[in-house]
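Comments concern the structure below.
To find a chain, count down the sequence lines: A is the first, B the second, and so on, and within it residues start at 1.
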Amino acid sequence: MNLFEEYITKKRMRLFTGNREILMPSYIPERLPHREKEVSRLGEILAPSLEGVKPSNVFIYGKTGTGKTAVVKYVLRDLERVTTVHNLNVRSIYLNCETVDTHYSVLQNIGNFFMKKWDERIPFTGWPMEKVYETVKDKLNDFGGIFIVVLDEIDKLITKSGDDVLYHLLNLNDELTKARVSLIGISNNIQVTQMLDARVKSRLSQERILFPPYNASQLKDILMDRVRLANAEDVFSEEVIGLCAALAAQEHGDARRAIDLLRISLEMAEREGAVRVLPRHVYEASSQIELSCVAEAIRTLPIQQKLVLLSILLNSEMGKINQTTGEVYATYSKIAKMVGMQPVTQRRVTDFISELDSLGLISASLKSFGRYGRTKVINPAIPVDEAKEVITEDPFLEDMKNIKLPKQTVLH
DNA sequence: TGTCCACTGGAAGGGAGGGCTT
DNA sequence: AAGCCCTCCCTTCCAGTGGACA
């Protein structure tokens, strides 16, 4: 049977044939339940732009899945509709600092927003900063209106590149003759603002909006709305929707998680050929989300970090609990040589350990053993066998699949 | 109370890689 | 082709540290 014929037959058998995009967290509906206050607050802040006045800069913070990005995109979409109809000179750009995380790339993206011809574009590297800055200024002056720059996950930008970028962006207005730039910073980590220079900090957060987590009943409303919008009431019972909401509420009220649960439990039910989504599909979806997040995090790790993680897993497999940095480094050096790689220094490995810790793949905490030194105490935070399997998918590390450590490498 | 261990983590800088300018 | 610039990944150097032990 033709591969795609099969797909078409399957599609006919699908439980839900409506628009699946509605069941994605990235979909912005026409109504955002329980975020009316935040929407109107941001709307009020940005409204002066319609009269050609620069709106205040805004700093938005709240945990993941509390609707920060959705509200900002929602408000900017409305703003764009109005400015298009009334032909007003207001534009905005959305940048996610997960990927746009350097001084250069932020300015490059802003500059390229106004570039109509491909060959005029600022390359992703190569130009002196000064030239990029001047080009951005020229382009903004040519545009001559109000330009709103949204920096989502701004904490990533600050931790990686410091506050230089923000300093430059905030100073841009002093050097612009016609245009005006406003900043909207979005962060799920309030701590980062402590790292900012006091002047940058006060100018960035002329206005602040805090997004509280959703509770279970609010999440349920959000899911109900989506289900109605997708015309999928006959697929999801109220019980199932409530369960998705309850599970996500346990995770600090994460709407993104709740919507993912809804969609993936639907996929689970379809795969099984069920007529409706059942609570057990939701539980299955929940554990699948957890596992696939871990697997994805591991897959995207650079090879050296994979080796460090593998060392920790192997040590743990040997029954070693509470590993020290020194022990991890010893194992790492051995297996790096085994796969024909030059081991990096211990200093570098301590950075890798911190990164693995912040990704939640391991737990590492600083502990002092008195005269026996001070080190990090490290344990895997994920299932060892599954994690090993994902790591050894890497063509470089295939040979490590069945490796067992000789005892003396961990026991001193 | 001072010493000392086994690191931690900041700072500075090297060099490779990608790209532009002259 | 040579000279720059920027980012990324890494090394080298080193001051700093919590707490057991003498």
Side-chain angles (χ1 to χ4, degrees), chain A residues 95-112 115 117-139 151 153 156-169 191-192 194-197 300-309 311-312 315 320-333 335-337 339-359 362-379 394 396-397 409-412:
Chain A
L95 300 174
N96 191 318
C97 303
E98 171 97 61
T99 46
V100 184
D101 59 358
T102 61
H103 192 171
Y104 187 97
S105 62
V106 169
L107 290 176
Q108 181 223 5
N109 273 278
I110 294 175
N112 284 345
M115 302 290 187
K117 290 187 200 139
W118 183 258
D119 53 0
E120 282 177 355
R121 292 171 70 90
I122 306 172
F124 75 90
T125 176
W127 280 16
M129 271 318 293
E130 198 55 27
K131 183 174 170 185
V132 179
Y133 192 64
E134 289 303 317
T135 310
V136 168
K137 260 183 3 197
D138 288 348
K139 287 291 159 188
L151 297 171
E153 303 196 48
K156 301 256 163 65
L157 178 67
I158 296 168
T159 42
K160 195 166 170 223
S161 310
D163 52 13
D164 266 17
V165 202
L166 299 176
Y167 185 79
H168 267 102
L169 285 176
Q191 248 55 308
V192 289
Q194 317 295 327
M195 289 169 62
L196 294 175
D197 179 274
T300 50
L301 248 31
I303 185 95
Q304 292 282 12
Q305 283 197 50
K306 280 184 185 161
L307 279 173
V308 172
L309 179 59
S311 311
I312 295 166
N315 281 349
K320 181 83 203 166
I321 46 168
N322 296 337
Q323 307 167 40
T324 64
T325 301
E327 287 164 345
V328 172
Y329 187 69
T331 306
Y332 157 79
S333 304
I335 63 171
K337 283 178 196 144
V339 294
M341 291 195 73
Q342 182 68 32
V344 298
T345 55
Q346 182 159 326
R347 175 67 189 82
R348 189 71 185 119
V349 169
T350 62
D351 283 341
F352 289 158
I353 289 172
S354 301
E355 281 165 42
L356 292 172
D357 183 30
S358 66
L359 285 170
I362 61 170
S363 74
S365 54
L366 207 54
K367 192 171 176 213
S368 175
F369 294 95
R371 66 175 302 156
Y372 302 108
R374 187 170 178 256
T375 178
K376 273 190 173 147
V377 168
I378 302 155
N379 287 299
D394 193 308
F396 271 107
L397 303 174
T409 46
V410 255
L411 303 173
H412 300 292

**Prompt:** Is there side-chain contact between Val377(A) and Phe369(A), with at least one heavy-atom pair below 4.5 Å?
**Reply:** yes
**Message:** So, does Thr345(A) get its side chain near the phosphate of dT11(C), meaning an N or O under 4.0 Å from OP1 or OP2?
**Reply:** yes
**Prompt:** Whole Å only: how far is the CD atom of Gln346(A) from the C1' atom of dT12(C)?
**Reply:** 14 Å
**Prompt:** Rounding to a whole Å, what distance do you find between Met341(A):CE and dC9(C):P?
**Reply:** 13 Å
**Message:** Between the side chains of Lys137(A) and Glu134(A), is the shortest nitrogen-to-carboxylate-oxygen separation below 4.0 Å, so that they form an ion pair?
**Reply:** yes
**Request:** Please work out if Tyr329(A) contacts a base, only the sugar-phosphate, or nothing of the nucleic acid, heavy-atom cut-off 4.0 Å.
**Result:** nothing
**Fill in**
Separation of dG17(B) atom C1' from Tyr104(A) atom OH, nearest Å, is 14 Å
**Request:** Starting from P on dC5(C), measure out to CE on Met129(A) and report it in whole angstrom.
**Result:** 13 Å
**Message:** Can you identify which nucleotide, out of dT12(C), dT21(B), dC8(C), has its nearest atom closest to the Arg347(A) side chain?
**Reply:** dT12(C)
**Request:** Can you tell me the distance, in whole Å, between the CD atom of Gln304(A) and the P atom of dC9(C)?
**Result:** 11 Å
**Request:** Please report, rounded to the nearest Å, how far the P atom of dC7(B) is from the CD atom of Glu327(A).
**Result:** 8 Å
**Prompt:** Can you tell me how far the CD1 atom of Ile312(A) sits from the CD1 atom of Ile378(A), to the nearest 0.5 Å?
**Reply:** 5.5 Å
**Asked** So, is Thr324(A) near the phosphate of dC7(B), with a side-chain N or O under 4.0 Å from OP1 or OP2?
**Response** yes
**Prompt:** Roughly how many Å is it from CD1 in Ile353(A) to P in dC10(C), rounded to a whole number?
**Reply:** 14 Å
**Prompt:** When the ring planes of His168(A) and His103(A) are compared, do they come out parallel, tilted or perpendicular, using 30° and 60° as the limits?
**Reply:** tilted
**Message:** Working to the nearest 0.5 angstrom, can you tell me the gap between Gln305(A) CD and Ile353(A) CD1?
**Reply:** 10.5 Å
**Asked** Out of dC7(B), dT7(C), dC10(C), which nucleotide sits closest to the side chain of Arg348(A)?
**Response** dC10(C)
**Request:** For Val165(A) and Ile158(A), run side chain to side chain contact (heavy atoms under 4.5 Å, CB included): C-alpha distance rounded to whole Å, both residues' side-chain angles, the deciding distance at 0.1 Å, then the answer.
**Result:** CA-CA 8 Å; Val165(A) 202; Ile158(A) 296 168; over 6 Å; no
**Request:** Rounded to the nearest angstrom, tell me the gap between atom CG in Leu366(A) and atom C1' in dT17(C).
**Result:** 8 Å
**Request:** Determine: side-chain N/O of Thr350(A) to OP1/OP2 of dG9(B), distance under 4.0 Å, yes or no.
**Result:** no
**Prompt:** Which of these nucleotides, dT21(B), dC20(B), dC8(C), is closest to any side-chain atom of Lys131(A)?
**Reply:** dT21(B)
**Prompt:** Excluding sequence neighbours, so at least two apart, what forms side-chain hydrogen bond (donor to acceptor under 3.5 Å, both in side chains) with Gln108(A)?
**Reply:** none
**Prompt:** Is the backbone N or O of Thr324(A) less than 3.5 Å from a side-chain atom of Glu327(A), with the two atoms forming a donor-acceptor pair by type?
**Reply:** yes
**Prompt:** Can Thr350(A) and Arg347(A) be counted as having a side-chain donor-acceptor contact under 3.5 angstrom?
**Reply:** yes
**Prompt:** By a strict heavy-atom criterion of less than 4.0 Å, which residues belonging to residues 368-378 of chain A are in contact with DNA chain B?
**Reply:** Gly370(A), Arg371(A), Tyr372(A), Gly373(A), Arg374(A), Thr375(A), Lys376(A)
**Asked** Which listed nucleotide (dC8(C), dT11(C), dG9(B)) is nearest to the side chain of Val344(A)?
**Response** dT11(C)
**Asked** Roughly how bent is the helix from dT1(B)-dA22(C) to dT22(B)-dA1(C) end to end, in steps of 10 degrees, with each end axis from five pairs?
**Response** 30°
**Message:** Test your reading of the model: is there a side-chain donor-acceptor pair from Asn379(A) to the backbone of Ser363(A), 3.5 Å cut-off?
**Reply:** no
